[in-house]
Structure formats: C-alpha cells, structure tokens
Amino acid sequence: MENSKTSIFRKVLMALSGLFLVIFLLQHFVINSLSVISPDSFNEVSHFMGTNPLVQFLLQPVLMFGVVLHLGMGMVIEQKNRKARPIKYAFSNASANSSWMSRNMIITGITVMLFLGLHFYDFWVPEMNTKYVEGNMSGMLDGEDSYRYFTELQHKFVSPVRIGIYCLSFIFLSLHLLHGFQSSFQSVGFKNRKFAPTIAKLGNIYAVAIPLGFIFIALFHFINSSH
Amino acid sequence: MSTVKTLNLTLKIWRQKNNIAKGSLETYPISDISPDSSFLEMLDILNGGLIEKGESPVTFDHDCREGICGSCSLYINGEPHGPSRLVTTCQLHMRSFKDGETIYIEPFRAKAFPVIKDLMVDRSAFDRIQHAGGYISVNTSGNTQDANSIPIEKENADEAFYSAACIGCGACVAACKNASASLFVAAKVSQYALLPQGQVEAKDRVLNMVKQAEKEGFGPCSNTGACEVECPKGISIENIARMNREFLSAAITK
Ligand code: HEM
Ligand code: SF4
Ligand code: FES
C-alpha cells in the first residue's frame, strides 16, 4: 500500500502507539501507587498481573509491540526529518515560534528509551527469570509466607544513584508528553478549535502529574529505606 | 521639521553563485537607512551600492511588494519573513530593527527548495503539488453552473476563504525544523474540502497532493506549530488536522 509509506500514516502509528503507552503508564502508575497506600494490595495486584495469562500472553506482547513500533517509527521519522533540510541555517531563532519540547522529541524519547533499558534490566529480566526460567510462579519470598513483590520493590529504591536516574528520566518523560500528548491528537486529525484547549489542558495535567507521581513514589520508598 | 534617526547596520548575507556552487555568509555594512524604508528597499539600496562598485548585486525574489503574490522570501534573523508577525518580507519595515544591529539574511532552506542564486530558491515543488490535485475539474462549455447558486454554510465558506488566503510563499517550510510542507498542502486541501465543488475529487486530491509533497522531499510534520506562527497569512494548523483526517479516510476507503 503506497499510502502507508507516507509520513502522515507513519505519524498516525506514532500517535496511536504513543497514546497506548499513555494509557499503559496510567495503569502502571495506579498499581505503583498501591505500594505507598497498601503493600498488601500492591502484592495482590502485582501477583495477579504477573501470573494472569491474559495479561502475560496478550497484553504484555501488545505492550512490547507498542513500544517497538513507537521506537522504530520514531527513528524512521527522525531520519526523514533530518533529510528534508540537508543544509542548516547559520542563524535560527526557533524558540520564537515553537517550544523546546516540540523540537526535541527525539532527545527526550531516547532518554526514555535508555531508562526503559535499565527498567527492564531491574524488574522485567529478574521477573522473567524467576517465573519462566526457574519456574517459580508462586510469587512468594524464599522460605516465607508472604509475597515477594513489595520487598523486591523496596530493594530497588535504595541506591541514591538509581533514584537520581529514575527521577531524571521521568522529568524527560514529562517533557516528551508535554508536547506528545496534544500532538498525537493533531496527528490523527482529531483536533479543532473546539477540542484543542481541552486536549492541551488534559495533556499538561497528565504530563506533569503522572511523572511527578512516579517520582514521589520513588522518593517515598527511598526515604523509608534510609532509616 | 524633525529629523528621523537613521540606522547603521551590519548585514550577513548568504551569497552563492549558482545552484551547484558552495555558498557562504558575507558581511556588508550599510548606513543611513531610514526606519521607514521597507526591508526590500534596504536591499535595493545595498544592491545600488554594489552595482556602483562593479560587484554582483544580491539576488532575491520579489514581485508585488504588497504581500499578496508570495514571491518574496528570506530567512531574516532566524525567522522566515523576519521578526514581525502576519507580514511578508516585502511588508517588513526597517523600524523593526535597532541601530547597530547585525541582521542575518539567508535563503529559505529545504531539500525541496534548492538555491538558484544567493537568496533566491526554486519553489516550483509547490506548483507540482498544486498540479497533483489543487484544483477542481469544471466543464467550461458555457453551461457551467454559477457557483453562487450553490448554498454553502457560512462557517464553511469562511473557513475555506481563510485557507484560500495562502499565497504559497513557503515560509511554513522554511520555519519548520523538518522543512515540512504540511501547512501549505493542508491549506490547499482544506480550501476545496470545505466546499461542495471540491467534494467530487476530494479523495484523489488529498492522496495525490500529500504523496507529491513527499516525493518532492518535504519532511514529516512534528506538530511544532512553527509554521502557523510564521505564516504571513495566519493559516491555522487546524488545516493540518483536517488534512490528516481527509487523508486517513481517503486512504481507508479508496
Ligand atoms: C521508547 C522510547 C521512546 C522514543 C524513542 C520516543 C520517540 C518519539 C519521537 C521521536 C516522537 C516524535 C516524532 C515526530 O513527530 O518527530 C515521539 C512522539 C510521541 N511519543 Fe514517544 N518516544 C518514546 C517513548 C514514549 C512513551 C513511553 C510515551 C508515552 C507514555 C510516548 C508518547 C509519545 C506521544 C504521545 C507522541 C506524539 C505522537 C505525535 O506527535 O503524533 N513516547 N516519540
Ligand atoms: S501556509 Fe502560509 S507560510 Fe505556508 S505557503 Fe501558505 S501563506 Fe506561506
Ligand atoms: S513581493 Fe509579493 S508578497 Fe512579497
């Protein structure tokens, strides 16, 4: 299909995968919040998410696909962005007409990607190892009668360097979404004078509140672990 | 009579002999410029001096000098058509600059807008996009229905009119970090999409114009909104959302 080779089509995929990640992140945030409110419910929900076949073998692959699609398309689009202006301006006053966030999605995006790498290494790889390599689906702490998830979470939020990287990454995610959220509605053609202000407001609230929430949770566990 | 203070300026102008030559920014001091003169008049004065000295004048595009033809261009101090809003370079006046200022003057830069000479670029890519679908096919046999006899919703008529205000100058491309022609194409697509006469060919129009823009080498749209800010005619990026909608529904159903 020739139409699917156009940038409009690619940007629609970018927007849909981005919005999908926005929804996923909200879900992730709600579950993480439980770790602050009630460790028991956090354990319950984590065990459910970690062992439910629908989540594991349908939603998780869909999520992987979404991330890979967004990342891959991001790289393709960035190539096209650069190719369209081979000779740069000697003097450009870009801040007079557009926001830094809108011009640097690739930088904020790649930062988020690096974080995802670390995040996978920290949580996802050990999780896969425990469940599918060692074959331990019980979700229990070794030799104890309680779930392992909350305790594992606490252990990840001890190193100040990790916390620093974690917080910084979420600031970059915030910058990514301050432009990305409203931009995706424009890409799929859903924006007009009537919706634009609401979309912009909603986007700003999401882009600030959710990353800030993640940072709060990290700091909460870090501070609790230090005494 | 009060004496108007004149301006002394340093101009940094892109000079390039021809399409294949390697160009460079050259420095030209210029003095005694009236703040009431237009930017292009200032360049005329510079060129007068260059010709007197036996040097080659700076080549730049211009025609109507009243903001309606879309011929003038120039990337002035980092913005297409300079620092003022809703004006073309020919409507820009020297009172927008300070005495002693250094002014950078570069051609519109895009792969699809190759430099012809100095500040003049080839914008015929826009013509080819228009040819790909920016028209309606009417029978001019003498039995053509009078356009005014077709009722059109006032709101749509107004929107179509605003979109049609695009003069095809290319500032949107010059402003965009991806040299995207989205605002131009969207204005042309919208102008017809909003009117009953444009419906018959609507699907082919949007598909063909978008694909032609792509073929010309214009970049994707990152929705930065720079085009809308720099457009001398105030074309809204709402048109781009409309183009994306039109494109999607045409791609799915055609
Ligand atoms: C895996 C790392 C990521 C990379 C490399 C990345 C890269 C990008 C790039 C380059 C763009 C802009 C494309 C353009 O128009 O020039 C973009 C847009 C976007 N991104 Fe990401 N991103 C990443 C992660 C995320 C995440 C985790 C989310 C959501 C939680 C997200 C949400 C969005 C949204 C909503 C857009 C706007 C799409 C549009 O303009 O239509 N991205 N991303
Ligand atoms: S949309 Fe505006 S900036 Fe772009 S070509 Fe038309 S008039 Fe010029
Ligand atoms: S010369 Fe015609 S618009 Fe500037």
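Sequence lines set the chain letters: A, B, ... in the order given, protein chains first and strands last, and positions in each chain run from 1. Excluded from the calculations below are hydrogen atoms, water molecules and symmetry mates; all remaining heavy atoms, backbone and side chain alike, are included.
- In the model, B/Thr89 has a side-chain atom that pairs as donor or acceptor with a side-chain atom of B/His81 under 3.5 Å.
- Counting only distance, with no hydrogens or angles, the side chain of A/Asn104 and the backbone of A/Ile107 share no donor-acceptor pair below 3.5 Å.
- Of the N and O atoms on the side chains of A/Ser35 and A/His221, at least one donor lies less than 3.5 Å from an acceptor on the other residue.
- With no hydrogens or angles considered, no side-chain donor-acceptor pair links B/Glu159 and B/Asn239 at under 3.5 Å.
- Heavy atoms of A/Lys80 lying under 4.5 Å from chain B belong to its backbone as well as its side chain.
- Neither the backbone nor the side chain of A/Arg82 comes within less than 4.5 Å of any heavy atom in chain B.
- Under the 4.0 Å criterion applied to side-chain N and carboxylate O atoms, A/Glu152 and A/Lys156 are not assigned as salt-bridge partners.
- Here A/Gln186 is the residue among A/Lys83, A/Glu2, A/Gln186 with the most heavy-atom pairs under 4.5 Å with chain B.
- Of the listed residues (B/Ala251, B/Pro220, B/Ala179), the greatest number of heavy-atom pairs within a distance under 4.5 Å of chain A belongs to B/Pro220.
- Between B/Glu238 and A/Arg193 there is a salt bridge, since a side-chain N of the basic residue sits under 4.0 Å from a carboxylate O of the acidic one.
- Residue contact with chain A, scored on non-hydrogen atoms closer than 4.5 Å, involves the side chain of B/Tyr75 exclusively.
- Contact count against chain A (heavy-atom pairs under 4.5 Å) is highest for B/Cys176 among B/Ala250, B/Pro83, B/Cys176.
- Residue B/Cys227: no heavy atom, backbone or side chain, is found under 4.5 Å from chain A.
- For B/Ala174, the parts lying near chain A are the backbone and the side chain together; criterion is any non-hydrogen pair under 4.5 Å.
- Top candidate by heavy-atom pairs under 4.5 Å with chain B, chosen from A/Gln182, A/His179, A/Lys191, is A/His179.
- Contacts of B/Arg109 with chain A are made by both backbone and side-chain atoms, with heavy-atom separations under 4.5 Å.
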Which is it for B/Arg85 and B/Glu230 under the salt bridge (Lys or Arg N to Asp or Glu O under 4.0 Å) test, yes or no, and what are the steps along the way? CA-CA 7 Å; B/Arg85 296 289 168 248; B/Glu230 301 291 358; 3.1 Å; yes

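- Ring geometry for A/His28 versus A/Phe214: interplanar angle over 60°, hence perpendicular rather than tilted (30 to 60°).
- Checked against B/Glu216 for a salt bridge (charged side-chain N to carboxylate O under 4.0 Å, His left out), the options B/Arg128, B/Lys211, B/Arg123 give a single hit: B/Arg128.
- There is no contact between A/Ser4 and chain B, counting heavy-atom distances below 4.5 Å.
- Between chain A and the residues B/Glu246, B/Lys254, B/Arg242, B/Glu79, the largest count of heavy-atom pairs under 4.5 Å involves B/Glu79.
- When each of B/Leu248, B/Asn223, B/Val115 is scored by its heavy-atom pairs under 4.5 Å with chain A, the top score falls to B/Asn223.
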